[in-house]
Amino acid sequence: QALFVASSQEAELKVKMKITIFYGEGQSAQLDVQPSDSVKAVKQKVIAMHSPPDWANTALLAVKGSSDYFENRKRLGQCGVQDGDSLKFAYARNLSLMEKVELSCQGVMTDKLQLPPMSISTVPQNYA
């Protein structure tokens with residue numbers, strides 16, 4: 001008789017989990033996933049159910065109640081996700097430097113805005 005011993009990684013690949021994803025305005029869905037599934041793959045499943053708004057250019061996934069967002073390349077198991085966990089999914093927008101400057105000028109606080117060195121001239125171009 002041969003004895004087969006699976007490594008912990010091989011055993012992890014075969015484990016199925018059911019997680020709840022909260023998204024949109026009070027919407028949720030249960031997904032069957034595995035610890036070896038990437039965060040990006042889970043995001044893609046949610047995007048297929050809940051299309052992004054025009055303004056969004058990124059999606060975020062975290063444990064519900066946390067703002068520690070998972071990295072796309074990580075596996076759910078690496079993020080500590082377990083069977084029965086509740087995650088939150090949200091669309092977001094990565095702002096360009098100019099968008100941050102515009103919002104800052106309007107009094108909207110973004111994160112600490114570090115402007116690169118620049119000079120601003122108030123002289124009209126035809127006089128410069």
For residues 38-57, run the donor-acceptor check on the side chains, cut-off 3.5 Å, and write out each pair with its distance to 0.1 Å, sequence neighbours left out.
from	atom 1	to	atom 2	distance (Å)
Ser38	OG	Ala41	N	3.0
Lys43	NZ	Ala59	O	2.7
Lys43	NZ	Asn72	OD1	2.6
Lys45	NZ	Asp32	O	3.4
Asn57	OD1	Asn94	N	2.6
Asn57	ND2	Asn94	O	3.1

Other cluster members, Met98 - Ile/Leu/Val/Met/Phe/Trp/Tyr, side-chain contacts below 4.5 Å =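 None; Met98 is a cluster of one.
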ask   = Rest of the hydrophobic cluster containing Leu60 (Ile/Leu/Val/Met/Phe/Trp/Tyr, side-chain heavy atoms under 4.5 Å)?
value =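 Members besides Leu60, by chain and number: Tyr69.
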Side-chain donor-acceptor pairs of residues 19-30 under 3.5 Å, sequence neighbours excluded:
none

ask   = Could you give all pairs that pass the ring pair (Phe, Tyr, Trp, His ring centres under 6.0 Å) test and reach residues 26-46, with sequence neighbours left out?
value =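 Applying ring pair (Phe, Tyr, Trp, His ring centres under 6.0 Å) to every pair that reaches into residues 26-46, excluding sequence neighbours, yields nothing.
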Non-hydrogen atoms of Leu87 and Val63 that approach each other most closely =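 Looking at all heavy atoms of both residues, the shortest contact is CD2-CA, 3.7 Å.
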inquiry  = So, taking the atom named CG in Leu95 and the one named CD in Glu102, what distance separates them when rounded to the nearest 0.5 Å?
reply    =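 Rounded to the nearest 0.5 Å, the CG-CD separation comes out at 10.0 Å.
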message = Please enumerate all residues that pass side-chain hydrogen bond (donor to acceptor under 3.5 Å, both in side chains) together with Ser96, with sequence neighbours excluded.
response =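 side-chain hydrogen bond (donor to acceptor under 3.5 Å, both in side chains) check on Ser96 returns Glu99.
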Do [X] and [Y] touch side chain to side chain, with heavy atoms closer than 4.5 Å?
X	Y	value
Pro35	Arg75	no
Gln34	Lys16	yes
Arg93	Thr58	no

Pairwise salt bridge (Lys or Arg N to Asp or Glu O under 4.0 Å) hits with a residue in residues 59-72, at least two apart =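 For residues 59-72: none.
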query = Would you say the side-chain atoms of Lys88 pair up with the backbone N or O of Ser66, donor to acceptor, closer than 3.5 Å?
reply =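 Judged by distance alone, yes, a pair lies under 3.5 Å.
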message = Tell me every residue that passes ring pair (Phe, Tyr, Trp, His ring centres under 6.0 Å) with Phe89, counting only those two or more places apart in sequence or in another chain.
response =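 Ring pair (Phe, Tyr, Trp, His ring centres under 6.0 Å) check on Phe89 returns Tyr91.
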